[in-house]
Chemist: 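Got a structure for you, questions after.
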Amino acid sequence: MSNRRSRQSSDPRITDDQIIDLVSKLRLLLPEISQRRSDKVSASKVLQETCNYIRNLHREVDDLSERLSQLLATIDADSPEAAIIRSLIM
Amino acid sequence: MASKHTIATRHAQGIRARFASRFLRSLLRVRRSSNRFGGSQSNDEGIGKRIRTDRIKIAAYAAMARAVGPRRTWSRALLFKLRNRARIHGVSRKRCLVSEKKRVTRNKVVAISREPSRADTLRKLVPGGDSMDTCVLLEETAHYIKCLATQVTVMQSIADRLLL
């Protein structure tokens, strides 16, 4: 509790095994690495791939927002698209 | 094992549905407000379109953070940041800048002896990451990635639906 501000990974309450376990769980969520052979991937690589993956997802959200913005501009109030949106919400 | 998987899938479907309904409602609101300020055609060029894009992006992150709720550190941090942004957007930016400076000096004092590790890069990408220790950071990252991927999938399918 008192060490909340310190970011050392040599915190005695966290074991290396716990970190290894969490990193392997994280690895399973990444799209590329989970297809390669298991034990050969380092924690550093997993963290790096995770950062890249998150950045990619953020960029995809930006692109999709722009696409949706364009599509939204072309929808009239009574068009079938607006009805689609309303029906999806109900 | 099988029951854990079904629980996880049901949980994921719950978040997906909650996010989708919130986000769709926000989309309609954005469309209504952008149509109110001038015709829809004239808003396609320049500032109007960028504002709309930003509103949609914020609506997506807000909808996901609300769908997750306050039980995750990252969603709490994201909701906090979005609420502050909404408040400051209407008033003034001075208060926000002052608090940002304080946070930066605190970080500098701690990190002065080592170079940024990969975990630190990750901390900057995950909302609320600065205040997490490594263990919590990895757990939160895993959940954050799952929700982000769901967010992207739902936005994608909405965009595809609107095209047809």
Side-chain angles (χ1 to χ4, degrees), chain A residues 3-11 13-15 18-19 21-23 25-31 43-77 79-82 84-90, chain B residues 20-22 24-25 27-28 30-32 34-35 40-41 43-44 48-61 106 110-111 114 117-126 130-135 137-139 141-142 144-146 148-149 151-152 155-156 158-159 161-164:
Chain A
N3 275 346
R4 192 112 327 142
R5 294 231 189 102
S6 127
R7 290 191 232 107
Q8 303 286 335
S9 52
S10 54
D11 188 330
R13 288 169 296 141
I14 304 173
T15 64
Q18 272 181 290
I19 298 222
D21 186 47
L22 288 171
V23 168
K25 282 204 189 114
L26 202 50
R27 198 182 71 210
L28 293 173
L29 293 171
L30 301 178
S44 168
K45 191 73 162 70
V46 171
L47 286 182
Q48 188 185 336
E49 290 291 320
T50 309
C51 291
N52 291 342
Y53 186 44
I54 293 183
R55 283 196 202 101
N56 279 345
L57 287 176
H58 285 166
R59 207 180 327 140
E60 279 198 52
V61 170
D62 289 344
D63 291 343
L64 282 169
S65 300
E66 184 139 2
R67 245 180 94 192
L68 284 173
S69 173
Q70 253 169 338
L71 290 170
L72 224 55
T74 59
I75 291 184
D76 302 322
S79 70
E81 286 89 3
I84 290 179
I85 295 184
R86 272 188 222 109
S87 68
L88 283 172
I89 299 179
M90 305 302 180
Chain B
S21 65
R22 280 181 200 270
L24 285 167
R25 271 190 221 114
L27 269 186
L28 283 181
V30 170
R31 186 180 66 89
R32 246 179 280 141
S34 69
N35 278 346
S40 48
Q41 301 293 31
N43 269 346
D44 273 352
K49 181 176 174 197
R50 206 177 329 137
I51 292 182
R52 201 168 51 230
T53 309
D54 279 348
R55 283 215 192 115
I56 292 179
K57 184 165 60 166
I58 291 176
Y61 284 114
R106 209 188 295 154
V110 172
R114 53 190 183 87
S117 67
R118 295 209 196 278
D120 288 337
T121 323
L122 189 56
R123 277 202 179 87
K124 278 188 268 194
L125 288 170
V126 175
D130 283 334
S131 61
M132 297 178 198
D133 60 21
T134 316
C135 211
L137 177 67
L138 294 176
E139 280 187 36
T141 305
Y144 182 56
I145 285 183
K146 271 190 266 186
L148 257 189
Q151 181 178 328
V152 165
M155 288 174 82
Q156 182 92 51
I158 291 179
R161 272 265 184 121
L162 286 181
L163 263 181
L164 298 171

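Chain letters run A, B, ... following the sequence lines, proteins first, then strands; residues in each count from 1.
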Chemist: Hey, what do you get for CG (B:Leu122) to CD1 (A:Ile54), rounding to the nearest 0.5 Å?
Modeler: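 Atom-to-atom, B:Leu122:CG and A:Ile54:CD1 are 5.0 Å apart.
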Chemist: Who are the salt bridge (Lys or Arg N to Asp or Glu O under 4.0 Å) partners of A:Asp63, not counting sequence neighbours?
Modeler: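 With neighbours one apart ignored, the set is empty.
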Chemist: Side chains of A:Lys25 and B:Thr141, heavy atoms from C-beta outward: is any pair under 4.5 Å?
Modeler: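 A side-chain contact is absent here, since even the closest heavy-atom pair is not under 4.5 Å.
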Chemist: Tell me the closest heavy-atom pair linking A:Ser69 and B:Lys49, and the distance in Å.
Modeler: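 Between these two residues, the closest heavy atoms are OG-O, 3.6 Å.
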Chemist: Is B:Ala149 close to chain A through its backbone or its side chain, or both, or neither, when contacts mean heavy atoms under 4.5 Å?
Modeler: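 Both parts, heavy atoms under 4.5 Å.
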Chemist: Can you tell me how far CD of A:Glu66 sits from CG of B:Asp54, rounded to the nearest 0.5 angstrom?
Modeler: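 It is 9.5 Å, given to the nearest 0.5 Å.
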Chemist: Step by step, would you call A:Val61 with B:Tyr61 a side-chain contact (heavy atoms from CB on, under 4.5 Å)?
Modeler: CA-CA 9 Å; A:Val61 170; B:Tyr61 284 114; 3.7 Å; yes
Chemist: I need the residue from B:Glu139, B:Gln156, B:Gln151 with the largest number of non-hydrogen atom pairs under 4.5 Å to chain A.
Modeler: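 Option with the greatest count: B:Gln156.
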Chemist: Does any backbone or side-chain atom of B:Lys146 lie under 4.5 Å from a heavy atom of chain A? Answer side chain, backbone, both or neither.
Modeler: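 Answer is side chain: those atoms of B:Lys146 sit under 4.5 Å from chain A.
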Chemist: Select one option (side chain, backbone, both, neither) describing which atoms of A:Leu57 are under 4.5 Å from chain B's heavy atoms.
Modeler: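 Looking at A:Leu57, backbone and side chain both touch chain B.
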Chemist: Looking only at heavy atoms, what is the nearest atom pair of A:His58 and B:Leu125, with distance?
Modeler: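 Closest heavy-atom pair between A:His58 and B:Leu125: CE1-O, 3.8 Å.
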Chemist: CD1 of B:Ile56 to CG of A:Leu64: how many Å apart, nearest 0.5 Å?
Modeler: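 CG of A:Leu64 is found 10.5 Å from CD1 of B:Ile56.
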Chemist: Are side-chain heavy atoms of A:Leu47 and B:Leu138 found at a separation under 4.5 Å?
Modeler: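 A side-chain contact under 4.5 Å exists here.
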Chemist: Less than 4.5 Å apart, side chain to side chain, heavy atoms only: is that true for A:Leu30 and B:Ile145?
Modeler: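 Yes - at least one pair of side-chain heavy atoms lies under 4.5 Å apart.
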Chemist: Is the closest side-chain heavy-atom distance between A:Cys51 and B:Lys124 below 4.5 Å?
Modeler: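 The answer is no; the side chains never approach within 4.5 Å.
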Chemist: Once you round to the nearest 0.5 Å, how far does OH of B:Tyr144 lie from CG of A:Leu29?
Modeler: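 So the gap between those two atoms works out to 14.0 Å.
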Chemist: Given side-chain contact (heavy atoms from CB on, under 4.5 Å), test A:Arg55 with B:Thr121 step by step and report yes or no.
Modeler: CA-CA 11 Å; A:Arg55 283 196 202 101; B:Thr121 323; 3.4 Å; yes
Chemist: What's the spacing between B:Thr53 OG1 and A:Asp62 CG if we round to 0.5 Å?
Modeler: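 Reported to 0.5 Å precision, the distance equals 9.5 Å.
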